[in-house]
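Residue indices begin at 1 and follow the sequence shown. What you see is a predicted model; the values in this text were computed from it and never measured.
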Amino acid sequence: MGISYKLDNFEGPLDLLLHLIDKNKVNIYDIPIATITEQYLDYVNHMETEDLNIVSEFLVMAATLIDIKARMLLPREINEEGEEEDPRAELVARLLEYKYYKYMSLELKDREVGAERLLYKSPSIPSEVAKYEPPVDLDKLLDGLTLAKLQEIFRAVTKRVSDRVDPIRSRFGNIRRESISLEDKIKSVMDYAREHRKFSFRGLLERQQDRTLVVVTFLALLELMKIGKITLSQEHLFDDMIIETLEPEGEDGELDLSELQEEPPSSDTFMPGKQGRKEEIDG
């Protein structure tokens with residue numbers, strides 16, 4: 001069975017040196033090497049351990065102290081900067097490093113003891129509280145968004161759509177009236193937002209087949225912003241706007257469109273707030 005490394009409350013030669021420095025109340029940066037060496041050798045001579053590994057460490061430090069003591073008696077060496085070298089400098093650095101780690105270990109030990117006295121309880125938030133969502137602040141949601149920015153993007157999108165239309169072939173066929181429901185478009189855009197989570201405002205409008213669908217899609221986005229389902233952000237002026245859904249991922253419930261404003265019916269004008277019927281627009 002091996003002998004414990006701890007001897008008389010000292011855990012090594014550096015620990016013993018720190019004890020002697022504290023005992024003599026001397027400055028660690030100005031160690032009286034002769035006094036400390038004498039007291040250190042006295043302790044080594046009275047060591048009772050037979051473990052050569054432990055004894056050798058103390059003897060190596062004893063030899064180091066004797067070497068420093070001898071060099072203190074000789075003229076000081078001059079370094080490259082023209083300053084005298086202190087033979088104790090290396091020993092002081094080792095003592096400071098050991099002292100730092102020793103105090104750090106004591107601090108960790110205190111924390112370990114303190115942690116044993118703490119008990120933790122799992123959070124128990126009522127389901128009603130956990131499901132609560134604060135009301136959407138429209139002022140904060142639309143912060144920095146101006147009509148000028150929306151108008152600029154809308155004009156750019158409509159121009160790209162018109163540029164892709166063949167001016168000759170677009171005249172072919174019969175002009176007919178298309179029946180478009182804002183409510184259906186809102187649901188379609190919301191399904192797209194739930195699937196993609198984050199997408200381009202301009203890209204969404206450019207995917208529409210004609211100006212009528214661009215207008216309906218634009219109005220659907222405004223309604224979804226109004227009821228707090230999506231948010232629009234823009235990094236720089238005149239940049240494309242990014243649409244992001246505010247619903248949690250995996251949400252697939254039916255939209256509550258009861259807040260859409262009822263408008264009087266009209267056969268030639270698209271009414272963005274009308275539900276339960278399809279508005280007809282000249283194609």
Side-chain angles (χ1 to χ4, degrees), residues 133 135-167 169-170 176-261 263 266 268-283:
E133 295 183 2
V136 178
D137 185 356
L138 293 180
D139 292 335
K140 183 178 181 181
L141 185 64
L142 302 177
D143 185 29
L145 185 64
T146 63
L147 291 176
K149 293 180 181 178
L150 289 174
Q151 186 179 20
E152 183 67 28
I153 295 175
F154 181 74
R155 285 177 178 174
V157 171
T158 52
K159 185 177 184 303
R160 289 188 182 184
V161 172
S162 61
D163 290 343
R164 290 188 302 182
V165 176
D166 190 324
R169 293 186 180 183
S170 62
R176 65 182 184 275
R177 298 166 68 88
E178 291 185 352
S179 179
I180 302 174
S181 169
L182 175 60
E183 181 177 347
D184 292 342
K185 195 62 180 178
I186 291 175
K187 293 179 180 179
S188 173
V189 173
M190 195 64 232
D191 291 340
Y192 186 88
R194 288 171 175 171
E195 179 182 356
H196 293 82
R197 307 296 301 173
K198 193 173 184 179
F199 51 97
S200 165
F201 174 80
R202 179 178 288 126
L204 177 64
L205 296 185
E206 287 179 349
R207 276 190 285 271
Q208 309 309 312
Q209 298 176 356
D210 53 35
R211 289 192 177 186
T212 302
L213 289 176
V214 169
V215 173
V216 177
T217 304
F218 184 80
L219 294 174
L221 289 173
L222 293 180
E223 290 293 347
L224 288 173
M225 288 178 60
K226 179 181 177 181
I227 62 177
K229 292 296 182 180
I230 63 172
T231 179
L232 276 75
S233 59
Q234 186 182 46
E235 210 170 313
H236 302 290
L237 187 62
F238 303 127
D239 279 356
D240 187 12
M241 302 184 70
I242 301 301
I243 304 173
E244 186 173 2
T245 178
L246 297 177
E247 286 188 342
E249 192 169 359
E251 180 70 30
D252 57 355
E254 290 290 331
L255 288 176
D256 181 13
L257 302 179
S258 59
E259 297 182 4
L260 291 180
Q261 181 181 358
E263 295 288 345
S266 173
D268 297 327
T269 307
F270 183 81
M271 310 306 292
K274 186 62 180 175
Q275 296 185 67
R277 64 180 182 86
K278 294 189 174 182
E279 303 295 345
E280 293 186 349
I281 302 178
D282 291 337

Nearest heavy-atom neighbours spanning Leu246 and Gly228: CD1-O, 3.5 Å
Minimum heavy-atom distance Met190-Thr245, with the two atoms named: CE-OG1, 3.5 Å
Approximate separation, where rounding is to 0.5 Å, of Leu205 CG and Ile153 CD1: 9.0 Å
Listed partners of Ser233 passing side-chain contact (heavy atoms from CB on, under 4.5 Å), at least two apart: Ile242
Partner residues of Ser188 under the side-chain hydrogen bond (donor to acceptor under 3.5 Å, both in side chains) criterion, sequence neighbours left out: none
Test ring pair (Phe, Tyr, Trp, His ring centres under 6.0 Å) applied to Tyr192 - qualifying residues, sequence neighbours left out: His196, Phe199
Rounded distance (nearest 0.5 Å) linking atom OG1 of Thr231 with atom NZ of Lys198: 10.0 Å
Gap between atom OG1 of Thr146 and atom CD of Gln234 - 0.5 Å precision: 8.0 Å
Full working for side chain to side chain contact (heavy atoms under 4.5 Å, CB included) between Leu204 and Leu221: CA-CA 10 Å; Leu204 177 64; Leu221 289 173; 3.9 Å; yes
Of all pairs that satisfy side chain to side chain donor-acceptor pair (under 3.5 Å), the ones with a partner from residues 151-160, not counting sequence neighbours: Lys159-Asp163, Arg160-Glu206
Parallel, tilted or perpendicular: ring planes of Phe218 versus Phe201, cut at 30 and 60 degrees: perpendicular
With sequence neighbours excluded, residues passing side-chain hydrogen bond (donor to acceptor under 3.5 Å, both in side chains) with Gln208: Lys185, Thr217
Audit row: Lys229, Ile186, side chain to side chain contact (heavy atoms under 4.5 Å, CB included) steps and yes/no: CA-CA 11 Å; Lys229 292 296 182 180; Ile186 291 175; over 6 Å; no
Set of side-chain hydrogen bond (donor to acceptor under 3.5 Å, both in side chains) partners for Arg194, sequence neighbours left out: Glu247
Within-4.5 Å side-chain heavy-atom neighbours: Ile243 and Leu224: no
